[in-house]
Amino acid sequence: ERSETVRIMFTGFVATRQHMQMIETIGAEIVESIEEAHTATHIIVTDGATKFRRTPKLMVCICKSPNIIKLEWLEQSAKEQRGLDTA
């Protein structure tokens with residue numbers, strides 16, 4: 001079991017209400033501001049339709065977290081009702 005709280009930040013696209021519900025389903029927290037970007041454990045950088053971009057939020061997060069992931073991870077985690085491994 002994972003002991004740390006999963007803290008998710010979206011960058012490069014806008015999260016929807018459905019994405020926020022998925023975060024709640026897996027018991028994670030949302031990180032929204034660039035000032036808090038360094039606290040994110042998982043960074044979702046594309047929704048599949050949006051091109052991967054190097055945003056300021058991503059530049060902060062990339063130094064702090066190895067979990068640079070796609071929206072698909074959140075969708076699969078929500079189906080399982082827990083944060084899945086990213087490896």
Side-chain angles (χ1 to χ4, degrees):
E1 286 291 312
R2 186 174 274 141
S3 60
E4 71 175 20
T5 300
V6 173
R7 294 181 49 83
I8 297 172
M9 174 167 268
F10 293 90
T11 185
F13 70 102
V14 178
T16 66
R17 179 179 292 147
Q18 184 179 13
H19 299 144
M20 297 303 192
Q21 288 172 333
M22 289 178 195
I23 289 170
E24 190 176 313
T25 296
I26 67 171
E29 296 175 357
I30 185 76
V31 178
E32 298 188 81
S33 71
I34 193 164
E35 294 79 18
E36 301 235 333
H38 69 281
T39 68
T41 60
H42 294 67
I43 301 82
I44 300 178
V45 295
T46 181
D47 58 3
T50 312
K51 187 177 169 187
F52 176 88
R53 296 186 345 224
R54 282 181 265 174
T55 64
K57 285 181 184 176
L58 178 59
M59 294 298 102
V60 171
C61 294
I62 213 163
C63 298
K64 298 286 184 175
S65 175
N67 299 313
I68 310 298
I69 54 181
K70 295 179 182 179
L71 182 59
E72 181 181 17
W73 173 87
L74 180 58
E75 294 166 342
Q76 293 301 317
S77 292
K79 285 180 186 173
E80 296 289 327
Q81 298 188 339
R82 64 183 179 88
L84 300 174
D85 288 336
T86 57

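Below, each value reflects all heavy atoms present in this structure, side chains not excepted, and no hydrogens, waters or symmetry copies.
- Around the CD atom of Glu75, the shell of radius 6.0 Å holds more than 12 heavy atoms that belong to other residues, nucleotides or ligands.
- When each of Glu29, His42, Arg82 is checked for a side-chain contact (heavy atoms from CB on, under 4.5 Å) with Val6, only His42 meets the rule.
- A pairwise comparison of heavy atoms in Ala37 and Lys57 identifies CB-O, 4.3 Å as the closest pair.
- Within 6.0 Å of CD on Gln76 lie more than 12 heavy atoms contributed by other residues, nucleotides or ligands.
- Side-chain atoms of Thr41 come within 3.5 Å of backbone N or O of Arg7 as a donor-acceptor pair.
- The shortest non-hydrogen separation linking Glu36 to Thr39 is O-OG1, 2.6 Å.
- In this structure, the separation between CG on Leu71 and OG1 on Thr16 is 7.5 Å, given to the nearest 0.5 Å.
- Placement of Met20 and Val31 in two distinct hydrophobic clusters is found when ILVMFWY residues are connected by side-chain heavy-atom separations under 4.5 Å, directly or transitively.
- For the pair Phe13 and Val45, the tightest heavy-atom approach, listed with the atom from each and the gap, is CE2-C, 4.0 Å.
- Using a 4.5 Å cut-off between side-chain heavy atoms of Ile, Leu, Val, Met, Phe, Trp and Tyr, with links allowed through other members, Met9 and Val60 fall into different hydrophobic clusters.
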Determine, step by step, whether Ser65 and Ile43 satisfy the side-chain contact (heavy atoms from CB on, under 4.5 Å) criterion, reporting the C-alpha distance in whole Å, the side-chain angles of both residues, the deciding distance to 0.1 Å, and the verdict.
-> CA-CA 8 Å; Ser65 175; Ile43 301 82; 3.6 Å; yes

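- Taken from CZ in Phe10 to CG in Leu74, the straight-line distance is 5.5 Å, to the nearest 0.5 Å.
- The backbone N or O of Leu84 sits less than 3.5 Å from a side-chain atom of Ser77, completing a donor-acceptor pair.
- Interatomic distance, Thr86 OG1 to Ile68 CD1, rounded to the nearest 0.5 Å: 9.5 Å.
- Distance CD1/Ile8 to CD1/Ile30: 6.5 Å, rounded to 0.5 Å.
- Here the CD-CD1 distance, from Gln81 to Ile26, works out to 10.5 Å after rounding to the nearest 0.5 Å.
- For the atom pair CD1 of Ile34 and CG of Leu58, the computed distance is 10.0 Å after rounding to the nearest 0.5 Å.
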